[in-house]
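Some notes on the structure that comes next.
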Amino acid sequence: MTAGDANARLESAFFKLIEEKPFSKITVNDIVREAGVHRNTFYYHYQSIPALLNEICRKMVMQMMIVYKDVQSPSDCILPLIRYSSEHKTAVLHIYNSDAKQILMDYIRQIGRFSIERYIDNVTEKTGISRHDKEILTRFITAGIVGFWTDWVEDNMETDSTEDFLRIGKILEKTTIEALTGN
């Protein structure tokens with residue numbers, strides 16, 4: 001088995017388990033049993049379960065950055081995150097409500113910031129807005145989106161908030177364009 005195969009099996013096993021039970025209840029033995037590899041294989045690739053989660057999140061963010069690099073609206077920034085979170089609700093809640101919450105939040109912020117930066121760059125391409133103003137706007141909108149997502153997760157994702165997120169995206173788009181271009 002190659003290192004890539006072992007990583008894929010361990011990551012897949014962890015993802016299956018996190019969909020089934022809380023983060024704190026998952027052990028290395030659970031992961032290696034599910035992956036069909038030896039315990040030493042786990043420790044050869046990862047120092048700990050949080051390190052495994054960190055690597056999974058890093059790969060997901062990298063993949064999202066490739067797929068969503070050309071965002072044209074705030075909705076383009078928000079919806080992929082909402083869809084993914086909704087499709088993997090149990091896993092998201094298990095991680096969010098655990099000691100690993102900070103790992104998840106760091107990557108949610110990265111996804112949000114990356115996509116908002118792309119959006120701001122697209123909107124401001126011909127406006128002459130200063131780099132400092134772009135940074136302020138990016139930080140502000142990212143904080144709002146991450147905060148809205150966090151509130152939704154803290155409410156156990158009970159509602160289908162897609163329409164709310166779309167509405168926020170439209171409001172952000174209109175106000176951002178008006179603020180930056182005067183139109």
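Bear in mind the structure is a predicted one, so any value in this text is a computation, not a measurement.
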* Asked: When clusters are formed by joining ILVMFWY residues with side-chain heavy atoms under 4.5 Å apart, either directly or through shared neighbours, do Tyr119 and Ile136 land in the same one?
  -> no
* To do: Measure the shortest side-chain to side-chain distance between Trp152 and Asp164 over non-hydrogen atoms and say whether it is less than 4.5 angstrom.
  => no
* **Audit row: Leu93, Lys89, side chain to side chain contact (heavy atoms under 4.5 Å, CB included) steps and yes/no** => CA-CA 6 Å; Leu93 290 172; Lys89 176 181 176 177; 3.8 Å; yes
* **Lys59/Glu11 salt bridge by N-O under 4.0 Å criterion** => yes
* **Polar side-chain atom of Ser85 near backbone of Leu81 as donor-acceptor pair, under 3.5 Å** => yes
* To do: Specify the closest pair of heavy atoms between Glu34 and Leu17, including all atoms of both residues, with the distance to one decimal.
  => CB-CD1, 4.4 Å
* Asked: Looking at side-chain heavy atoms only, is the closest gap between Thr150 and Met105 below 4.5 Å?
  -> yes
* To do: Tell me whether Ile111 is reachable from Leu79 by hopping between hydrophobic residues (I, L, V, M, F, W, Y) whose side-chain heavy atoms are closer than 4.5 Å.
  => no
* Check whether more than 12 heavy atoms from other residues, nucleotides or ligands sit under 6.0 Å from atom CE of Met62, and answer yes or no. => no
* **Heavy-atom check, side chain of Leu137 versus side chain of Ile116, under 4.5 Å** => no
* Asked: Does Leu10 share a hydrophobic cluster with Tyr43, counting links as ILVMFWY side-chain heavy atoms below 4.5 Å and allowing steps through other members?
  -> yes
* Asked: If every non-hydrogen atom of Met157 is compared with every non-hydrogen atom of Ser86, which pair is closest and at what distance?
  -> CE-N, 4.0 Å
* List the steps, then state whether salt bridge (charged side-chain N to carboxylate O under 4.0 Å, His left out) holds for Arg113 with Glu135. => CA-CA 10 Å; Arg113 182 172 181 84; Glu135 174 63 21; 2.5 Å; yes
* Taking all heavy atoms of Ile49 and all of Ile26, pick out the closest pair and write down the distance. => CD1-O, 3.3 Å
* Asked: Does any non-hydrogen side-chain atom of Phe15 lie less than 4.5 Å from one of His88?
  -> yes
* Common cluster, Ile145/Met64, ILVMFWY with side-chain heavy-atom separation under 4.5 Å -> yes
* Structure fact -> In terms of heavy-atom contacts, Ile18 and His94 come closest through O-ND1, 2.7 Å
* Asked: Which value, rounded to the nearest 0.5 Å, describes the distance between Ser48 atom OG and Tyr46 atom OH?
  -> 11.0 Å
* Atom CG in Asp121, atom CD1 in Ile129: separation rounded to 0.5 Å? -> 10.0 Å
* Going through the distances and angles, do Gln110 and Asp106 end up as a side chain to side chain donor-acceptor pair (under 3.5 Å)? -> CA-CA 6 Å; Gln110 281 183 32; Asp106 288 346; over 6 Å; no
* Gln102 atom CD, over 12 foreign heavy atoms within 6.0 Å -> yes
* According to a 4.5 Å side-chain heavy-atom criterion applied to Ile, Leu, Val, Met, Phe, Trp and Tyr, with indirect links allowed, do Met60 and Ile108 form part of one hydrophobic cluster? -> yes
* Asked: Rounded to the nearest 0.5 Å, what separation is found between the NZ atom of Lys170 and the CZ atom of Phe165?
  -> 15.5 Å
* Answer whether the closest heavy-atom distance between the side chains of Tyr107 and Arg58 falls below 4.5 Å. => yes
* Take atom CG in Asn29; do more than 12 heavy atoms of anything else shown fall under 6.0 Å from it? -> yes
* Counting distance only, does the side-chain N/O of Thr41 pair as donor-acceptor with the main-chain N or O of Val37 below 3.5 Å? -> no
* Counting only N and O atoms by type, is there a donor-acceptor contact under 3.5 Å from the side chain of Ser115 to the main-chain atoms of Gly112? -> yes
* Look at atom CD of Gln63 and say whether more than 12 heavy atoms of other residues, nucleotides or ligands are closer to it than 6.0 Å. => no
* Hey, does the side chain of Asp30 reach the backbone of Thr27 with a donor-acceptor pair shorter than 3.5 angstrom? -> yes
* Asked: Quick one: OG1 on Thr138 to CZ on Phe114, what's the gap to the nearest 0.5 Å?
  -> 12.0 Å
* **Flag side-chain contact, heavy atom, 4.5 Å: Leu52 against Phe42** => yes
* Structure fact -> Value for CH2 (Trp149) from CZ (Arg109), rounded to nearest 0.5 Å, stands at 9.5 Å
* Structure fact -> For Ala6 and His45, the nearest pair of non-hydrogen atoms, with its separation, is CB-NE2, 3.5 Å
* **Ion pair check, Glu163 and Arg167, cut-off under 4.0 Å** => no
* Determine, stepwise, if the pair Ile120 / Ile141 fulfils side chain to side chain contact (heavy atoms under 4.5 Å, CB included). => CA-CA 10 Å; Ile120 297 296; Ile141 295 173; 4.0 Å; yes
* To do: Decide if atom NZ of Lys25 counts as having more than 12 heavy atoms of other residues, nucleotides or ligands within a radius under 6.0 Å.
  => no
* Asked: Should Lys101 and Ile95 count as side-chain neighbours, where that means a heavy-atom distance under 4.5 Å?
  -> no
* Got a sec: does the CZ of Phe140 have more than 12 other heavy atoms crowding it under 6.0 Å? -> no
* To do: Return the minimal non-hydrogen interatomic distance between Arg39 and Val32, and the atom names on each side.
  => CA-CG1, 3.8 Å
* Asked: Is Phe23 close to Phe14 at the side-chain level, that is, under 4.5 Å between some pair of heavy atoms?
  -> yes
* Structure fact -> Rounding to 0.5 Å, atoms NZ (Lys16) and NZ (Lys21) come to a distance of 9.5 Å
